[in-house]
Amino acid sequence: MSVAEIIVDVPTMQTNRPFEYLIPDALTDVVVPGMRVEVPFGRGKRKIQGFVMQVKDSSDFQGKLKPISRVIDLKPVLSQEMLDLSSWLADRTYSFQISCLQTMLPSVMRAKYKQYVIPLVQDNPEVSQLLNGQPTFEITNQIDDETIKLINRLRKNKQVDIQYVVENQAVQVKRQAVTTDLNIIQLHEDKSQLRANAKSQIKLLEFLADNLEQLPVEFNVLEKEYGISRAAIKTAEKNNLVKVVEVTKLRKPVGINPEKTTKLALTDEQQVAVDQISDAITNEIPQTFLIEGVTGSGKTEVYLQTIEKALQQDKTALMLVPEISLTPQMVNRVVGRFGDQVAVLHSGLSNGERYDEWTRIENHDVKVVVGARSAVFAPLDNIGLIIIDEEHEASYKQDDNPRYHARDVAQWRAKVNKCPVVLGSATPSLESRARAEKGVYKLIWMKKRINNQTLPHVHIVDMRDSENSAVKGDFSPALKSGLQETLDKHEQAIVLLNRRGYSSFMMCRECGFVLKCPNCDVSLTYHKDLGKMKCHYCGHEEPVPNICPNCHSKKIGFYGTGTQNIEQQLHDLFPQARVLRMDVDTTRRKGAHAKILQQFGQHKADILLGTQMIAKGLDFPDVTLVGVINADTTLSLADFRASERTFQLLTQVSGRAGRAQKVGHVIIQTFNPDHYAIKDAAKQDYETFFKQEMYLRHQSNYTPYYFTTLISVANQDEGKTLKQSYWLKKQLQTALSKDAILLGPSPTMISRKQNKYYYQIIVKYKHEPQLHQRLLEILNETQADVKSGFTIAIDNEPQHID
DNA sequence: AGCACGCCGACT
DNA sequence: GTCGGCGTGCTC
């Protein structure tokens with residue numbers, strides 16, 4: 001007897017454990033751990049997807065085992081390492097194991113479920129009407145209640161049945177591609193036969209001649225990278241110049257073959273770093289290194305040379321970068337060094353493309369994977385090195401289930417693969433830096449900028465000063481003249497507006513009324529492009545009112561500063577300057593982000609205006625001025641990481657000024673010029689900031705001195721939410737020692753989102769062996785409430801508290 | 001999640 | 001009496 005333990009695709013607490021299924025004789029030796037299978041589940045004829053966790057030859061189950069219906073994959077899609085990882089992850093993040101398994105795979109591998117009504121009788125008028133001449137009727141979630149009732153009744157009376165279909169979306173799509181039988185001489189001959197105005201044909205033949213060894217090449221590559229249209233290819237096909245074939249395997253897109261780069265000579269500091277990490281790779285030591293390297297100290301070269309080391313030893317390497325710095329600049333540097341051994345997992349990929357990249361990795365076609373957070377689950381074998389660049393970035397933590405931190409996953413995989421982890425940052429997170437202090441991580445300093453570039457001159461502008469507070473707009477005289485000077489010298493400037501939450505809202509000057517979202521407890525923000533008021537949480541839209549809905553006064557107007565507003569001010573102050581705005585609105589479209597940066601890089605604009613996203617890892621040699629409009633908005637948040645985030649942001653953005661030969665200037669406008677986060681950022685002095693911040697974290701019992709767990713509770717009914725919160729707190733109290741600190745319940749900063757009320761409880765602790773178990777029990781005990789619209793979320797080591 | 005079972009009220 | 005409302009509990 002062959003039995004499989006299977007995690008089924010039903011994300012609830014009650015089904016969050018393996019279920020046993022019989023492996024039919026025909027599938028013995030076919031069903032192996034890590035494979036997806038289709039199984040019957042429940043009393044009806046429902047079929048769902050499941051993951052095989054284990055295969056064994058006996059079962060303790062008392063009832064009758066059902067057999068596996070069919071296998072979805074021919075070979076396992078998850079290795080034993082990943083299966084083990086999913087168990088650990090589920091436990092650590094308090095999430096369902098099925099959710100963990102699914103996050104490890106490309107989204108197209110998630111099963112799609114469909115239900116069809118199939119007739120059991122021929123002559124029922126109601127059935128005939130429902131089917132409407134079709135053999136089956138698909139049940140979608142748009143079907144009205146009446147029809148659902150009808151189907152249920154017909155089913156009870158055995159007039160119809162319901163068929164469940166598990167669909168696998170992950171099929172390799174066939175793509176059209178071009179190839180040719182002609183050789184290079186024939187191609188040139190044919191080209192010369194063409195009419196001179198057959199531009200596309202000439203272009204196509206030239207391309208083919210240049211890339212003969214790369215054929216076949218996909219249509220979409222030709223279209224996107226070379227502007228050769230489908231029509232042109234068809235014409236060429238008609239004239240027997242080319243052949244059109246279908247390809248399943250994704251070819252490496254020809255266009256993004258960047259110039260090969262070679263190793264750069266290392267500075268002493270870089271050499272030390274490379275040597276230490278290489279040692280750990282060679283000796284297979286799962287040590288975590290923290291490279292604390294100022295901007296421009298050449299961390300990337302260290303990454304590249306250590307990756308090379310891993311490859312030399314026939315190992316693979318994984319490099320994580322924040323989504324936002326996954327720019328062509330960055331990617332080209334890696335691909336330039338390692339060529340087609342690299343797979344890049346960026347957000348610009350379609351789901352199909354992502355699946356193709358995943359397949360390439362899974363097939364061992366690549367040795368290096370570069371990607372954002374989720375790339376930490378890349379199906380690499382024999383990993384020799386894991387790098388996490390900009391280690392402090394909050395985006396490494398996923399903010400919905402499973403709430404994992406890529407750093408933790410990386411360290412887990414490092415242990416299994418016996419390889420080092422390299423964390424790199426100019427402004428490490430407090431916890432990482434503290435671990436380095438304690439010797440848990442090995443600290444590597446890189447204090448010198450390459451070519452001894454000088455650090456930018458930073459000027460802090462006190463906005464409380466009379467000359468500054470008297471100004472109408474948001475630009476102090478100092479920033480204005482700084483910008484003017486930069487423009488005069490034909491150099492470029494970056495203007496940072498801290499946080500988008502600070503954008504325009506509507507307030508009545510007569511009664512103080514603020515226009516708010518009807519579903520969420522936030523003010524609506526004005527979107528100039530839509531000409532509407534919009535909620536950032538639920539997407540609710542409404543027209544801009546011209547009289548106050550409360551007191552009917554006409555004195556309702558915009559307040560606050562958004563990027564659009566600042567852009568207007570820039571136009572008014574410097575009419576001749578070309579301004580590029582980069583924020584959530586202008587970068588919503590895929591690829592828009594890269595396009596804006598490219599334009600700016602080509603000096604097609606003088607000023608780049610934007611939010612946080614312009615602060616990261618960009619390297620524009622002509623930028624000599626960075627202006628920060630409002631340094632303090634992140635400071636005033638009621639979050640224990642507020643200072644850390646402010647410091648990191650200001651340090652990062654200041655690092656953008658004056659690379660290459662030119663001296664950079666940074667002008668920071670603030671209402672808190674004496675705050676240590678701002679003063680230390682101005683001096684680019686991480687160590688001083690670290691000491692001060694550690695002292696304050698110690699005072700207020702926060703990370704890294706204490707562990708934190710955030711539990712948030714939500715319900716449509718505010719009273720119920722509060723009652724549940726207090727019950728929860730009491731439950732926790734009984735499980736915790738006197739040393740633990742229990743805060744709340746308190747309403748979240750946005751206390752109502754999508755018509756649900758949110759309350760949170762914070763647990764701060766040093767050693768609470770009971771806590772984990774108690775939280776799991778609580779999750780189990782609250783199952784009934786979850787069904788009635790109640791939610792409970794547990795965030796282990798939250799990145800922000802709001 | 002989806003389904004059955006079971007217990008209540010208001011209908012032919 | 002019975003049809004159908006939803007609360008509860010189970011799924012290998």
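Treat the numbers as computed from the prediction; the structure is a model and nothing was measured. Residue numbering restarts at 1 for every chain, and letters A, B, ... go by the order of the sequence lines.
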Expressed in angstrom and rounded to an integer, what is the separation of [X] atom [atom1] from [N] atom [atom2]?
X: A:Tyr113; N: B:dG2; atom1: OH; atom2: P; answer: 10 Å
X: A:Asn16; N: B:dA1; atom1: CG; atom2: P; answer: 13 Å
X: A:Ile148; N: B:dG2; atom1: CD1; atom2: C1'; answer: 12 Å
X: A:Ile162; N: B:dG2; atom1: CD1; atom2: P; answer: 10 Å
X: A:Lys114; N: B:dG2; atom1: NZ; atom2: P; answer: 15 Å
X: A:Lys45; N: B:dA4; atom1: NZ; atom2: P; answer: 11 Å
X: A:Phe51; N: C:dC12; atom1: CZ; atom2: P; answer: 19 Å
X: A:Asn152; N: B:dG2; atom1: CG; atom2: P; answer: 12 Å

Going by an N to O cut-off under 4.0 Å, is there a salt bridge joining A:Arg407 and A:Glu391? yes
Would you indicate what [X] reaches in the nucleic acid, counting non-hydrogen atoms under 4.0 angstrom: base, sugar-phosphate, or nothing?
X: A:Tyr21; answer: sugar-phosphate
X: A:Gln115; answer: sugar-phosphate
X: A:Arg17; answer: base

Taking protein heavy atoms under 4.0 Å as touching, what does nucleotides 7-12 of chain B look like 5' to 3' if B marks base contact, S marks sugar-phosphate-only contact and - marks none? ------
Under 3.5 Å, which donor-acceptor pairs link side chains of residues 726-733 of chain A to any protein atom two or more places apart or in another chain?
residue	atom	partner	partner atom	Å
A:Lys729	NZ	A:Gly744	O	2.6
A:Gln731	OE1	A:Arg774	NH1	2.7

Output all residues satisfying side-chain contact (heavy atoms from CB on, under 4.5 Å) with A:Ser712, sequence neighbours left out; order by chain, then residue number. A:Gln760, A:Ala793
Partner residues of [X] under the side chain to side chain donor-acceptor pair (under 3.5 Å) criterion, sequence neighbours left out:
X: A:His364; answer: A:Asp381
X: A:Asp717; answer: none
X: A:Gln411; answer: A:Thr288, A:Tyr441
X: A:Asp73; answer: A:Arg36

Pick out the pairs of N or O atoms, protein on one side and nucleotides 4-9 of chain C on the other, that lie under 3.5 Å.
residue	atom	partner	partner atom	Å
C:dG9	O6	A:Lys787	NZ	3.3
C:dG9	N2	A:Arg43	NH2	3.0

After noting the C-alpha distance and the side-chain angles of A:Glu542 and A:Lys532, does the key distance pass the salt bridge (Lys or Arg N to Asp or Glu O under 4.0 Å) rule? CA-CA 6 Å; A:Glu542 56 181 81; A:Lys532 277 181 176 161; over 6 Å; no
What are the residues of residues 56-73 of chain A, sorted by number, that bring a heavy atom to within less than 4.0 Å of DNA chain B? none
Give every residue pair that meets the salt bridge (Lys or Arg N to Asp or Glu O under 4.0 Å) criterion with at least one member in residues 92-109 of chain A, sequence neighbours excluded. A:Arg92-A:Asp408
Side-chain donor-acceptor pairs under 3.5 Å in residues 37-53 of chain A, sequence neighbours left out?
residue	atom	partner	partner atom	Å
A:Glu38	OE1	A:Arg70	NE	2.6
A:Glu38	OE1	A:Arg70	NH2	2.9
A:Lys45	NZ	A:Asp161	OD2	2.5

May I have all residue pairs that pass side chain to side chain donor-acceptor pair (under 3.5 Å) and include part of residues 128-140 of chain A, sequence neighbours excluded? none
